[in-house]
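To keep things clear, I will list the structure first and then write my remarks on it.
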Amino acid sequence: MKRVAVFTSGGDAPGMNACIRAVVRGAVYHGVEVFGIRRGYNGMINGDIFPMTSHSVSNIVQRGGTILKSARSKEFMTPEGRKKAYDQLIQHGIEGLIAIGGNGTFTGALKFFEEYRIPTVGAPGTIDNDLYGTDYTIGYDTAVNTALEAIDKIRDTADSHDRVFFIEVMGRDSGYIAIQSGIAGGAEMVMVPEVLTPISEVVETLKQGWSRSKSSSIIIVAEGDVEGNAVVLAEQIREQVGVAIDMRVTTLGHIQRGGVPTAYDRILASRLGLGALEGLLEGQQNVMAGIVNNALIYTPFIDTIKLPKPINEDLLRMVRILSV
Ligand code: F6P
């Protein structure tokens, strides 16, 4: 393989730049030409493809976001869009791809391979940590720390005013960000999509806390929680509590996607970027590079897409025990 291209796709995640840097510098090391594609699959379709050098990735290891920009491409979901993308790759002489992204990115790469046989190796880049085949995804650790910083601040004001706060965190259908930020922030409860927590249980926990003179409480709600978002939940709980409670809701939103990546994310992204590139050069295709038990492994896209990544329910149990 003489020429490869790298792109970021889907929701951006802190550490993506460190991953791009590892791909580019790895390619330079191995004597392979490397191109960048801007705005994910949209850039592939529009031919927004340019050569990169070692210098192109100077001073980016510490930057959040992605210098290649990102997009969720509707056009790539169509056969016409994928044909345009293929024509552009052929025109630019690209023989293999490194895709940094999540589930949607790898679904697109797999479809593309079935039609045009262009090999892709993925690096898991998403704050959600929802991909089977890696213990952690690029950006997750930073997102948890960003959420935690916000939770700590909210706890100060919750405590000053004797309030109950519902804090909604991101994660799409996954409760990973909620659980870890909840444990680290000393939350009274964590509500996640993977495990149903009846409203009556939340009410009971709050009442028990008040009976022990607990004056403020923090409840972390994952955005994908099956009972609804934090606003809906807070209203239902207010109705069931039966006494007047001073309650507020904060949705953290996209603040969790930005910011300087943590050391953990930079190192993870560097390992995964180089691992993805070297896998591609060694003949891997349609797999995602991941780190499991501190070892680099490759998992078929089909498994990363289809297989669930279960949460550790023991951690939810721990939240209850530690909030007593
Ligand atoms: O996948 C990352 C993520 O931030 C999810 O946590 C969230 O559900 C979604 O993307 C938000 O997407 P958008 O930025 O397109 O609104």
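No experiment lies behind these values; they were computed from the predicted model shown. One-based numbering, in listed order, for ligands and for the atoms of each.
Looking only at side-chain heavy atoms (C-beta outward), Val4 and Glu95 stay at 4.5 Å or farther from each other. Lys69 has its side chain out of reach of Thr8: every pair of non-hydrogen atoms, C-beta onward, lies at least 4.5 Å apart.
Residues passing the side chain to side chain donor-acceptor pair (under 3.5 Å) test with Asp12, sequence neighbours excluded: Arg257. Taking the side chain to side chain donor-acceptor pair (under 3.5 Å) definition, one finds that Asp246 meets it with Arg163, Arg248, sequence neighbours left out.
Residues with a heavy atom under 4.0 Å from ligand 1: Arg72, Thr126, Ile127, Asp128, Met170, Gly171, Arg172, Glu223, His254, Arg257.
Within the structure, ring-ring contact (aromatic ring centres under 6.0 Å, His included) pairs that include any residue of residues 149-198 do not occur (at least two apart or interchain).
Within 6.0 Å of CZ on Phe35 lie more than 12 heavy atoms contributed by other residues, nucleotides or ligands.
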